[in-house]
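Working notes, structure below.
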Amino acid sequence: MTPKDKKKHVLVTGGAGFIGSNFIPYFLGTNPNAHIVNLDKLTYAGTLENLEQVEKSDRYSFVKGDIRDVVLVDKLFEKYCIEAVIHFAAESHVDNSIKHPENFIKTNIEGTFVLLEAARKKWLEKAHVPRKGFEAARFHQISTDEVYGSLGDDGFFTEEMPYAPNSPYSASKASSDFLVRSYFHTYGLNVVTSNCSNNYGPKQHDEKLIPTIIRKALSNESIPIYGDGKNVRDWLFVEDHCKGIEKVFNEGKAGETYLIGGSNEINNLTIAKKICSILDGKQPRPKGKYEDFIHFTDDRPGHDWRYAIDATKVKTELNWSAKESFDSGLKKTIAWYSKKYQKV
């Protein structure tokens with residue numbers, strides 16, 4: 001990555017969240033010359049408990065702060081001589097974006113702008129002319145497949161599809177993606193964007209679908225499923241996603257977008273039943289089955305019907321593919337959450 005005597009200083013935003021806290025230990029393990037500066041506001045969705053395994057590493061530094069804080073972000077770029085940004089930080093829960101969209105506009109759009117401006121000022125002499133020593137500096141935008149809207153029963157999202165976001169969350173992410181794109185075309189900033197499908201695995205916040213199903217089942221509570229439970233998502237195990245991010249960051253072509261998906265199309269009701277079935281085998285109830293707790297609730301406003309990714313580009317150009325099957329990843333996920341919830 002760099003000469004042995006030189007550290008590469010990477011700013012990771014939102015590293016205490018779900019994907020970021022899985023990515024940081026992985027990236028430090030595979031990039032021995034990397035020093036990660038983790039900037040995280042520590043909202044409800046982020047916790048430093050997720051990073052206990054790296055907190056004492058001399059190649060890891062944590063800074064509590066807001067990505068919208070211009071003074072702080074500029075100071076970090078100067079203090080650590082930041083050479084790369086991997087930008088996870090975002091408000092991401094769709095239900096919350098429906099209730100409080102203003103938080104999503106502020107963090108996802110304004111925050112991304114602040115980071116891009118800091119990178120532009122630090123890395124470029126002027127438009128399309130990098131400063132000496134920053135010729136390889138790169139900004140990696142982590143985004144979502146939700147920016148493409150909703151699919152019918154057929155077809156897949158591809159990098160060439162027009163954006164069609166349907167929630168305040170996905171609209172704010174689409175806006176931040178466009179900002180990143182504009183800094184490449186206008187200023188020549190070295191950027192890449194990756195849009196992922198639904199992630200699952202250890203360290204995800206309790207509010208998300210799979211942790212909620214596990215938690216509710218183990219607590220003998222009703223398991224809520226929106227509508228008829230037939231909404232389909234493409235599920236990607238978080239460790240596979242981390243490997244894909246690293247591939248795009250290290251090998252992706254500047255200015256390009258790469259879709260990262262798990263090729264696991266499954267509807268919400270099937271997921272709930274799978275989890276219940278696994279728990280029936282591992283921790284059977286004294287009477288009845290976990291599936292008995294499943295109940296249907298009013299559907300989410302603007303609930304997209306189906307997401308599915310065509311990951312051909314990242315597979316063929318960067319030689320990445322998901323290694324974990326949904327069933328094997330789900331078993332690992334259930335085991336992790338079972339330990340977490342039974343400690344409470």
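Computed from heavy atoms alone, side chains included, the values below leave out hydrogens, waters and symmetry copies.
For the atom pair CD1 of Ile223 and NE2 of His295, the computed distance is 9.5 Å after rounding to the nearest 0.5 Å. Interatomic distance, Thr212 OG1 to Tyr337 OH, rounded to the nearest 0.5 Å: 9.0 Å.
Under the ring-ring contact (aromatic ring centres under 6.0 Å, His included) criterion, Phe18 pairs with no residue, sequence neighbours left out. Not counting sequence neighbours, the partners of Asn166 by the side-chain contact (heavy atoms from CB on, under 4.5 Å) test are Ser150, Asp304.
Ring planes of Phe249 and His140: parallel class, angle under 30° (limits at 30 and 60°). Aromatic ring orientation, Phe139 versus His87: perpendicular (interplanar angle above 60°, classes split at 30° and 60°). Classified by interplanar angle (parallel below 30°, tilted 30° to 60°, perpendicular above 60°), the ring pair His205/Tyr44 is perpendicular. Under the 30°/60° scheme for interplanar angles, the aromatic rings of Trp123 and Phe77 are found to be tilted. Classified by interplanar angle (parallel below 30°, tilted 30° to 60°, perpendicular above 60°), the ring pair Tyr148/Tyr163 is perpendicular. Ring-plane geometry between Tyr200 and Trp235 is classed as perpendicular, the angle between the planes exceeding 60 degrees on a 0 to 90 degree scale with a lower cut at 30.
With no hydrogens or angles considered, no side-chain donor-acceptor pair links Lys340 and Ser338 at under 3.5 Å.
Between Arg306 and Glu265 there is a salt bridge, since at least one side-chain N of the basic residue sits less than 4.0 Å from a carboxylate O of the acidic one. The pair Asp40-Lys64 does not meet the salt-bridge criterion, since no charged nitrogen lies less than 4.0 angstrom from a carboxylate oxygen. Of the charged side-chain nitrogens involved, at least one lies within less than 4.0 Å of a carboxylate oxygen, so that Lys243 and Glu239 count as a salt-bridged pair. Using a 4.0 Å cut-off between charged side-chain N and carboxylate O, Asp228 and Lys230 make no salt bridge. Residues Glu78 and Lys122 are paired through a salt bridge, judged by an N-O separation under 4.0 Å between the basic side chain and the carboxylate. A salt bridge is absent between Lys289 and Asp280; no separation between the charged side-chain nitrogens and carboxylate oxygens falls under 4.0 Å.
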- Apply ring-ring contact (aromatic ring centres under 6.0 Å, His included) to Tyr226 and His303, showing your working. CA-CA 9 Å; Tyr226 281 129; His303 198 178; 5.7 Å; yes
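Between Lys313 and the choices Glu159, Glu256, Glu160, the salt bridge (charged side-chain N to carboxylate O under 4.0 Å, His left out) rule is met once, by Glu256.
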